[in-house]
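In what follows, a structure is listed as structure tokens, so that the remarks can point back to it.
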Amino acid sequence: MNSEKKFVIIALIAGFVALGGIVLFAGQGYVRHVQLFYPEEIKQTLEFRNINGTTVVVGTLGNSGINPELISRTEFSYVLTVVNADTKPHLFYIGTLDLKTKPLMPGESDTITVKSNKEVTLQYYDIIDGNQLLGTILIKKVTLTE
């Protein structure tokens, strides 16, 4: 074989080895600084507060208002952090799903995750404060329209 053919064969072999190394290195996650697919989730925060002698929840992150209507999408994880900014204990409870935080002492917080594959309207309560209805959570299906 002449030297040009040897050079081409060696260059091809070296190129395939380098390509394989790059694929292995990138495939281990060393190149991406973020996830390839973002998790489908919505994060929001509520605080228990006492306003004029009445227990309410106030939206502080991702929502606003007193006893807000919380909205999420089907098949998304709805990550809800509940903080007790009141002086007495509270327990956040979602009725239909029987989902609740731990009992929250003043200054404590807990996180719960709600996920539904179908449209649903849920009600949330403070069950330490006499099963007081505070508001609703709407899980809605979002589709493309033409």
Stepwise side chain to side chain contact (heavy atoms under 4.5 Å, CB included) check, E108 with V82: CA-CA 9 Å; E108 290 184 334; V82 182; over 6 Å; no
Please step through side chain to side chain contact (heavy atoms under 4.5 Å, CB included) for the pair T121 and I137, ending with a clear verdict. CA-CA 6 Å; T121 300; I137 301 174; over 6 Å; no
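Between N131 atom CG and Q123 atom CD the span is 11.5 Å, to the nearest 0.5 Å. To the nearest 0.5 angstrom, K141 atom NZ is 10.5 Å from S116 atom OG. Summarising the geometry, atom OG1 belonging to T55 is positioned 9.5 Å from atom CG belonging to N67; distances are rounded to the nearest 0.5 Å. With values rounded to the nearest 0.5 angstrom, N50 atom CG is found 5.0 Å from D86 atom CG.
Placement of L91 and L133 within a single hydrophobic cluster is found when ILVMFWY residues are connected by side-chain heavy-atom separations under 4.5 Å, directly or transitively. Cluster annotation: V83 and Y125 are assigned to distinct hydrophobic clusters (Ile/Leu/Val/Met/Phe/Trp/Tyr, side-chain heavy-atom contacts under 4.5 Å, transitive). V57 and L97 fall within the same hydrophobic cluster, defined by Ile, Leu, Val, Met, Phe, Trp and Tyr side-chain heavy atoms under 4.5 Å apart, directly or through other members. In the hydrophobic cluster analysis, where Ile, Leu, Val, Met, Phe, Trp and Tyr join through side-chain heavy atoms closer than 4.5 angstrom, I112 is grouped together with I139.
Scanning both residues, N84 and L104, for their nearest heavy atoms gives ND2-O, 2.8 Å. Smallest separation of non-hydrogen atoms from P106 and P89: CD-N, 4.5 Å. The two residues N117 and E75 have their closest heavy-atom pair at OD1-CG, 3.4 Å. Looking at every heavy atom in both residues, T74 comes nearest to E119 through CG2-N, 3.7 Å. A pairwise comparison of heavy atoms in S109 and K102 identifies O-CE, 3.7 Å as the closest pair. Closest approach of L134 and F48 over heavy atoms only: CD1-CE2, 3.7 Å.
In this structure, S77 and V114 have side chains that are not in contact, with every pair of non-hydrogen atoms separated by 4.5 Å or more. Looking at heavy atoms from C-beta onward, E69 lies in side-chain contact with L138 at the 4.5 angstrom threshold. Residues V79 and I42 fail the side-chain proximity criterion, which asks for heavy atoms closer than 4.5 Å. Taking 4.5 Å as the limit, every side-chain heavy atom of I127 sits out of range of all side-chain heavy atoms of H90. In this structure, L70 and L46 have side chains that are in contact, with non-hydrogen atoms separated by less than 4.5 Å. Between S64 and V58 there is no side-chain heavy-atom pair separated by less than 4.5 Å. Using a 4.5 Å heavy-atom threshold, the side chains of T113 and L80 count as separate.
A donor-acceptor contact under 3.5 angstrom links the side chains of T111 and T81, judged on distance only. Side chains of Q44 and N63: a donor-acceptor N/O pair is present below 3.5 angstrom, by distance only.
Residue pairs meeting the ring pair (Phe, Tyr, Trp, His ring centres under 6.0 Å) criterion with at least one member in residues 92-116, sequence neighbours excluded, are F92-Y124.
Ion pairing between a basic and an acidic side chain is recognised when a charged N comes within 4.0 Å of a carboxylate O; K43 and E41 show such pairing.
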